[in-house]
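All remarks here apply to the structure that follows.
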Amino acid sequence: MCLTQHFWQFLVPGITLGSLYALIAIGYTLVYGVLQLINFAHSEVFMTGGFAGLFITQALVTAGLTPHGADSVLYTVTGLVGGAVFGAVVAFLLERVAYRPLRRRNAPRLVYLITAIGASLFLSNLAGKLFGRDRTNIPELYANDVVFTLFGAQVRVQQLVIIGTALAMMLLLDTVVNRSKLGAGIRAVAQDAQTASLMGVNINRVISQTFVIGGLLGGAAGFLFGSYLNVHYQMGFLPGIKAFAAAVLGGIGNIRGAMLGGLLLGIVESVSQSCMSSQWIDVVAFVVLILVLMFRPTGILGQRLGRAA
Amino acid sequence: MTSEAPSSSSTAVLELRGLHVSYGAIEALKGVDLVVNEGEVVTLLGANGAGKTTTLQAISGLLKPRAGEIRFHGERVDGIPPHEVVALGIGHAPEGRRVFPLMSVLENLRMGAYRFRRVPREELDRVFGLFPVLAQRRNQEAGTLSGGEQQMLAIGRALMGRPNLLLLDEPSMGLAPLIVSQIFDIIQEINQQGTTVLLVEQNAAQALKLAARGYVLETGTIVMSAPARELLSNPRVRAAYLGEGAE
Ligand SMILES: Nc1ncnc2c1ncn2[C@@H]1O[C@H](COP(=O)(O)OP(=O)(O)O)[C@@H](O)[C@H]1O
Ligand SMILES: [Mg+2]
């Protein structure tokens with residue numbers, strides 16, 4: 001059976017990719033939770049994180065950093081923080097410039113959707129114009145050695161960095177959403193925005209906060225993804241759509257659902273490589289999306305941001 | 001008990017003057033005048049669609065008046081966003097209860113104290129004292145409470161913000177008579193503890209037992225304003241609002 005034969009070889013890359021999908025998917029789900037809007041430009045927030053990480057690490061190379069020892073930690077952390085911060089800034093501006101004026105005017109749903117798609121095209125083409133249309137590799141951050149072997153499958157430093165960072169960010173987010181006052185505001189707005197405002201919650205501020213949080217995670221994912229493959233002005237397109245599929249798979253609006261959906265989709269996609277030629281891989285996510293919409297449109301964990309699970 | 005003295009602006013907590021509110025082309029309030037004095041329970045009566053909820057939402061800042069003014073302790077508050085109005089000391093238990101269904105009872109109460117840096121312990125004790133059932137169910141998800149418990153939670157949540165003025169929008173809606181009189185007893189207790197109350201109701205019989213004064217709203221206009229006793233004996237009120245199923 002093709003699935004069982006190379007299962008372990010494909011599992012680790014699957015979890016790696018899946019944890020990135022999960023980070024991106026959280027951005028879709030958070031914004032959907034508070035605004036019932038699919039922010040299609042989120043894929044470009046991700047792309048921004050890739051470019052920010054690229055430029056920062058290139059600058060560090062110029063400054064003389066080498067991918068060894070303490071330098072490699074500094075490299076990785078700076079790239080991550082840079083990607084996250086730029087992702088957050090772009091997400092924040094996107095909400096201010098593109099979506100908030102529509103809210104003020106009480107625009108119909110379709111207008112939001114068209115705006116989201118327009119913003120997505122604008123941002124990716126702007127990046128193409130500014131940064132060129134070639135694929136660029138993020139400088140090597142560390143020696144990508146094999147750390148250990150799992151049932152015959154090699155696990156490398158890079159995979160552990162990506163999985164570890166993603167898990168840490170998700171744990172932190174989960175804690176913030178469920179335990180902090182910031183999180184309570186977000187959950188209240190997601191459940192009943194008008195009533196939340198009667199409690200003293202500034203809805204506009206909460207909406208900005210959700211975009212910023214989504215941008216932080218999405219931007220960091222952009223840097224990690226860029227260091228895994230490469231950076232490109234259209235790098236957001238496929239991961240973005242797949243992460244959206246992952247968010248729907250987990251239950252759109254549900255944060256833990258987005259995490260679970262991302263991981264599952266990454267694993268399914270990767271493991272199915274043992275059964276089909278790689279040209280077909282991108283189809284897997286869409287088949288999953290269609291199956292979910294047909295048989296369980298509310299996703300695995302259901303659509304509820306109020307309680308995380 | 002509360003005073004039945006005619007309004008004098010020196011003790012007015014809330015004053016509405018010529019309040020106009022529209023939904024697009026639909027004019028929901030056509031010049032509403034209303035005063036609530038310190039320490040009073042005032043009831044605003046009216047049939048479905050009269051404009052009662054619109055009035056409360058305008059006071060809370062959820063709706064912007066097209067004309068007229070809203071004063072709270074003498075200061076203009078119309079045009080101020082809702083999250084700032086609550087900080088001035090106006091609590092609002094909205095129509096239909098609107099508890100956060102996926103949050104626990106305790107989390108809902110904490111949301112009521114959102115404007116404070118930390119949840120005030122004495123407010124929480126007061127709410128649990130008024131509504132012991134909420135203390136018992138503190139960790140239960142609010143969406144799974146009964147209607148009466150949800151109403152208690154909605155009122156308790158509004159109290160957590162330590163309001164001077166409590167706006168209650170049809171707290172009796174959809175509840176069994178026994179629960180209704182229980183809730184009205186607690187509203188009276190809240191008032192006796194020093195909170196001024198503006199009570200919107202369709203259940204005129206219950207509301208007029210509790211209130212000092214009442215206003216009757218019909219299609220966006222105040223058509224009557226009198227002490228509760230007078231309204232209770234007014235033939236027109238009796239016919240329109242006490243005629244059927246009010247007990
Ligand atoms: N969101 C809205 N959009 C348009 N019209 C509304 C809206 N809400 C209320 N109305 C109208 O405003 C009037 C007053 O409504 P409301 O204040 O809810 O009355 P009440 O609370 O007394 O039942 C009604 O005619 C109602 O149809
Ligand atoms: Mg109403």
Side-chain angles (χ1 to χ4, degrees), chain A residues 29-30 32-34 36 100 103-108 174-210 250-258 298-299 301-309, chain B residues 23-24 53 56-57 59-64 80-104 106-119 139-144 150 153-154 156-163 166-167 169:
Chain A
T29 241
L30 270 174
Y32 184 85
V34 297
Q36 287 77 52
R100 191 168 295 192
R103 274 213 314 287
R104 228 176 265 132
R105 262 166 245 177
N106 251 325
D174 198 72
T175 311
V176 166
V177 168
N178 290 305
R179 305 230 182 281
S180 73
K181 191 166 174 178
L182 168 69
I186 292 174
R187 285 182 294 135
V189 170
Q191 286 175 42
D192 186 339
Q194 190 182 64
T195 304
S197 74
L198 289 179
M199 306 293 116
V201 179
N202 182 341
I203 298 178
N204 278 330
R205 183 184 297 166
V206 165
I207 289 169
S208 282
Q209 286 164 343
T210 59
I252 186 100
N254 184 319
I255 294 173
R256 286 184 190 164
T298 56
L301 297 185
Q303 301 168 348
R304 37 184 5 200
L305 180 71
R307 205 180 48 186
Chain B
Y23 297 98
T53 297
L56 293 193
Q57 293 194 339
I59 297 168
S60 282
L62 291 172
L63 297 170
K64 276 209 171 68
I80 296 181
H83 62 272
E84 290 175 21
V85 170
V86 63
L88 299 173
I90 298 181
H92 189 155
E95 181 178 272
R97 312 188 269 268
R98 306 281 285 266
V99 296
F100 298 110
L102 305 175
M103 291 187 181
S104 70
L106 192 59
E107 274 187 296
N108 267 276
L109 293 175
R110 286 211 192 102
M111 282 310 300
Y114 192 86
R115 73 187 186 92
F116 300 120
R117 190 182 285 269
R118 41 184 45 245
V119 179
N139 294 319
Q140 192 172 322
E141 216 169 78
T144 66
Q150 288 192 7
L153 180 55
R157 186 180 60 181
L159 288 176
M160 289 298 293
R162 205 181 284 154
L166 181 60
L167 309 177
D169 199 343

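To find a chain, count down the sequence lines: A is the first, B the second, and so on, and within it residues start at 1.
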Inset, instruction - Against chain A, label B:Pro81 side chain, backbone, both or neither, depending on which of its atoms sit under 4.5 Å from a heavy atom there. - result: neither
Inset, instruction - Just give me the residue among B:Arg98, B:Met111, B:Arg115 that pairs up with chain A most often, heavy atom to heavy atom, under 4.5 Å. - result: B:Arg98
Inset, instruction - Report the residues that fulfil side chain to side chain donor-acceptor pair (under 3.5 Å) with B:Gln140, sequence neighbours left out, ordered by chain and then residue number. - result: B:Arg137, B:Thr144
Legend entry - Winner by heavy-atom pair count (cut-off under 4.5 Å) against chain A, out of B:Arg157, B:Arg110, B:Met160, B:Gln57: B:Arg157
Inset, instruction - For A:Gln191 and B:Leu102, indicate whether the former's side chain and the latter's backbone hold a donor-acceptor pair under 3.5 Å. - result: yes
Inset, instruction - Taking the side chain as every heavy atom from C-beta outward, state whether B:His83 and A:Arg205 have any pair of such atoms under 4.5 Å apart. - result: no
Legend entry - For the student: nearest non-hydrogen atoms of A:Asp192 and B:Phe100, plus distance: O-CE2, 3.7 Å
Inset, instruction - Heavy-atom distances under 4.5 Å only: say whether B:Arg117 touches chain A with side chain, backbone, both or neither. - result: backbone
Legend entry - Rounded distance (nearest 0.5 Å) linking atom NE2 of B:His92 with atom CG of A:Leu198: 5.5 Å
